[in-house]
Every structure is written in structure tokens, then in C-alpha cells.
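Please read all numbers here as calculations on a predicted model, not as lab measurements. Reminder, nothing fancy here: chain letters follow the sequence lines and each chain counts from 1.
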Amino acid sequence: MPIHEEHLIRPENLKTHENLVIDGIDVSGHWSTFIESRVLTNYNEQMEEEIAALPGGEFIHRCWQCGSCTNSCTVNAVNPEFNPRYWIYLIRTGMESELLRDKDIIWQCVSCNKCTYACPRDVAPEGVMKATAHWLELKGHTPKSPSTHFDEVFSEQVIQTGKIEEGRIIRSFFARTKQELMQDWLVEMVKRLVSKLPVTMLMRMGLANVLRPRTKNWGAARDAITEYVDEQNAAHRKALKLDDLVEMAKSEVKPGQAPAE
Amino acid sequence: MSDPVLIVGGGPAGLAAAHSLATVGQKSILVEKEDRLGGAPILSGYAKLVPSGEWAKDAIGGMVERVEQSGLVDIKTGVTVSEFSGNPGAFKAKLSDDKSIKASAALLTTGFTHFDSINKPEWGFGTHQDVVTTTQVEQMISSGQGVRCPSDGRKPKRVAILLCVGSRDRQIGREWCSKICCTVSANMAMEIREELPDCHVYIYYMDIRTFGLYETGYYWRSQEEFKVKYIKARIAEVTSDGDKLIVKGEDTLVKRPITIPFDMVVHAIGMDPNMDNLLLSTIFDVGLEPHGFIGKQNAYGALGETSRPGVFVAGSATGPETIDDSIAQGHAAAMSAFAIAQGPMKDAAE
């Protein structure tokens, strides 16, 4: 089998002149096909450390590329492009541009954790997928996924009140993901709840929506959790040098001044 | 009283054998062609040994001292054996200093020769100053100088260790695996990372053979604790752009050609048969195995037998071997030689 398999020659790297004559010889069409170089020069050797600094990515450096994760992967069975082994390798070798080609697939991990149990080195590939998706979001390569929005809405509410109020979570989640609140299925569900549930329960749900009840003496817990979450977020931003990037952007373009050379 | 046992070669196996024989009261003559004992770990200036982590000069130096202080070992350095004749229990040998000795049995602990990287010119050794061998890096570490680029003495920021240099390569007639280089390289990568934490260390491999218990202490530990990176690729060539070394190959895991700059490239050189093996084979009339190491007979009978009765072999003279196993084989073969030296007792036992 040839080493350079066909799928490696990407269509955008194929250059063909429809009409080309060189030294009087007509080399139009596929006679002039030229494959552009696949050589990468922009290695990002910080990428592994950055992803290792995010929750779930801690053990990425253990990987020895056996492929157990990809073989056991639920998503890979459906989509062969979903290849945790390959992405771990790209991250470890710093091939950022290659990883970014798959940025819209990586988040598809369903966290079934089959890889976690298959991995002989305890890399915890599922965690690495999570950390990688998180990294892509923090670096601005991908928008926040719906599930990230949901997690945020959910945890913000729990942290603030010590309670979960589903109605508010749904409303905030829809607002952040710019979805209509009046969705057919939701309207239908509310209608049936109203017709089937006992009146007292409906009243409690209604009141909870208005009064926003809190767990008693929640303040201290809220402060402690908030402090921890802030610490974690700050650590992640620092590991990814996000604030440095912001500073750099600021210093490069100052108001009323031409961009620095 | 029987004649002494002739031990040829004062490396780990020979030193172990001499010590073993001394502990059971058997005299031996230890012939070493170099001017001092210790073998490769001392003569080539190895740093910390696998798996003890002890400095070679302490660990092997201790073995040398023990033998030197024994009254039962007649040490002859700077001498070789030029003629050897006779039968088990009554051998005669002539040494290069023209002295003749009698021996009841002989033990060849003649070791190996480091692969000379000049035989793989495409990997840049001899062309580029900053392409070095594992032996040279061992010396940088053991001398206390530290790992530095030979060209200008700078601390390298990126080091590539190429495995299987002089091993597993039909092109240069070396089909064997040298067995120790993976573990030595993993150990060296950790030492480099320890001394130079900002230095990226890459190991280019075809297979990783940190056999047995070395798996955790060297392969796993180098990855898990020291973040050494392993790339599955056999390097095609090492060139230079005038500033950095340029390593070219194919990263087989992503099916992609790689061209990567490095400050220093280290050849994990393999173990060749001792370059004197043809001569030794002629002098002692012992057969060589197909790769050119000294051939062993039946592994399940007497330990360390060669094709000639009464002449035994141990350590890396028999093929690539670790220091630990060379020592164990030295002790074991000494037992076989001792049995010949004490000839009549064997008959009584039968």
C-alpha cells in the first residue's frame, strides 16, 4: 500500500491549470496538476501544556498512541473522522492547524467513557476531549456549545441560590442560545402539566418562579464556591495566556494611533 | 591445587566472575587489554546506571576495588592473550608480554564494541558537530560539564534522540536489537530534562523496547513525570540549515513528512560484537554465532558454555546485554569454570 493515501491529498492543495502551455507543450487540465506541500511549520508546542491545564486534560502526556480510545469510541463507530488518538497526537506534537480542521467534530464526544476504561495508561481520553473542546472555546476557535451554555446556566443558578428551578434554567438557556421560548413542544408540555398536575404543586411551581427561593444560610457556601470557581477560571485563563493576548491586542492598537510595526 | 581460571576481559562480567571465584577460594588470572579494569562503563565514562541510578564510577568502581583487594585474583592489565591451547583442566596460554600461564579453565568476558555512527552518514554524525552519540552525552553528564552543544557550548533547547542507530538495520548488516538503547535513551532523556527543564526532548522510535520492569521506571516515567515526547518515525536524514540541525523523516502515526529543527541530535548507538571477536575466535578456537558475537551452547546445561569444552563466555560478548545481566552471567559462568577447575570432585558427585 502506498504511504501517501489518496485522502491525504486534500482538494484545496491540488492546483490545476485549465489552460496552460509550457514551452509550446499543452499541459492543460490534469496534465498540469500540482500538489501543494503538506509541510507544517507553525508548531504550537505550548498547546499540550495548555490543554493539560484544563480539567480532564491532566494526563494527556501519558498517551503512547495505541489507539484503544479510538477503537472503543462510540462516536467513532458512527463518524470515522472522530479520532481521539489522532487529536491527542496533534496536541502533543503541537500541530494546531491540523487540530483546528476538526474543531467542529471534537465537541461531539458523548462522554460514554468507554475509552476511559479501555485506556491502558489512564490518559482519560474522555477528559482530554472535554478539555480540548473547552480549549477551543476559550481560544475563540469555536463558539460556546449549547451544552456549555446549559452547564453555565445550571451551575450559576445553583451557586447563587443553592437550588435548581427548572423553569428558570430553561428560560435562561433559551435566552443565551437565542432560542424562542414559545417552542411547540414546550407549550404542549406546559399545557399538559397544567391539566394533569395537582393545583397545590402548580401553585408551588408558580411561586418558586416569582419568589426565587434560596437554601437557608446559603451565603457562606455561595461565597466559597464562587471564590473557587473564580480561582479556577483565572488559572485556566493564565495557563492559556488569554489575558496576555488581550493586553497584547490592547497595546498593539491604541486609540488615535496607527498600529505598531 | 588446580591451576587458576583465566578470565579475559575486566568489565562487569569479568569482575563478577573473578569475585565469585575468589569467594569460593578459587584463584584466577584476570587479563585486561586496557590499562585499567571496569570495562565499557568505566572506559567510556558512563554516567548513572540503569536501574540502580548509581554513578558508574561508584558502582563498577566498587567491583574493581573488590577484585583488586582480593588476594586470589592475579590482575594483568595492558595485556592480551596471544596463544591458547590444551584441554579442560590443563590449558596453556601465552600472553602478549611473552609470559606463559597455566589455566584450568577460561572465561571470555570480552564484551562488545560501541557502534560507530560514522557508518550511518545520513544521520549527520561526523558532519555536524552537534550530532553526538549516547556515549558522548553520558560523558557530558558524568564529567559534570552538563549537556551542551559541542559546536558552541550552548544549552540545547531542543534535543532529538534517534533510536536504533546501528541496530535493526540490514543496510549495515546489523539485524539485532541492541536491547539496552531504549532504556538508556529514556533514562538520558530524563537526565536532560532534569538538568535543562526548558529543553524539549523528543525520542524517535520504531518500537520501544524498555523490556520487563524498565517499562514503568523508564518508558512510563519519562513520559509521565518528565514529559519526554515519543514520535514514531525512523529518521531519513539529519542536515543543517547553517543554524539548526534539520531532522527529516515521516511521522508514521499521522502519515506526514516531518522536517523539524533541533539544537542537538543524539544517536542511541547499538552494541556491535567486539571488534576483536574474529581474533578471539581464532585464538581460543570458539565458534561465533551468526551476528558475530561469541556463540553459546545449550542454554539448559552448564552455564556459559562455548563450542570448546572448558572455555566459557559471559556478558555482552554473547550479544547485547545489560550490565546487571552481564554481572549475573559472570557469576554463573564462574560456577561452570569452577567445576572444571575442581575436576575430580565432579566425578565423585556423579
Nearest-0.5 Å distance, CD1 of residue Ile231(B) to OH of residue Tyr89(A): 3.5 Å
Crowding at CZ, Phe150(A) (>12 non-hydrogen neighbours, <6.0 Å): no
Whether over 12 other heavy atoms sit under 6.0 Å from Trp64(A) CH2: yes
Considering all heavy atoms, the nearest Met95(A)-Asp251(B) contact: CE-OD2, 4.1 Å
Within 6.0 Å of CD1 in Ile118(B), more than 12 heavy atoms from elsewhere: yes
Carboxylate-amine/guanidinium contact Lys227(B) Glu49(A), below 4.0 Å: no
Residues, nucleotides or ligands: over 12 heavy atoms within 6.0 Å of Lys139(A) NZ: yes
Any His61(A) side-chain heavy atom under 4.5 Å of Lys229(B) side chain: no
Row check, Trp220(B) ring normal vs Arg121(A) NZ/CZ: under 6.0 Å, within 45°: yes
Arg62(A) side, atom CZ; Glu224(B) side, atom CD - distance, nearest 0.5 Å: 4.5 Å
Pairwise distance CD1(Ile88(A)) to CG(Leu253(B)) - rounded to 0.5 angstrom: 12.0 Å
Contacting moiety of Arg158(B), where chain A heavy atoms sit under 4.5 Å: side chain
Taking every non-hydrogen atom, the tightest pair across Val228(B) and Arg92(A): O-NH2, 3.8 Å
Gln145(B) atom CD: more than 12 heavy-atom contacts under 6.0 Å: yes
Proximal component of Ile208(B), with respect to chain A [non-hydrogen, under 4.5 Å]: neither
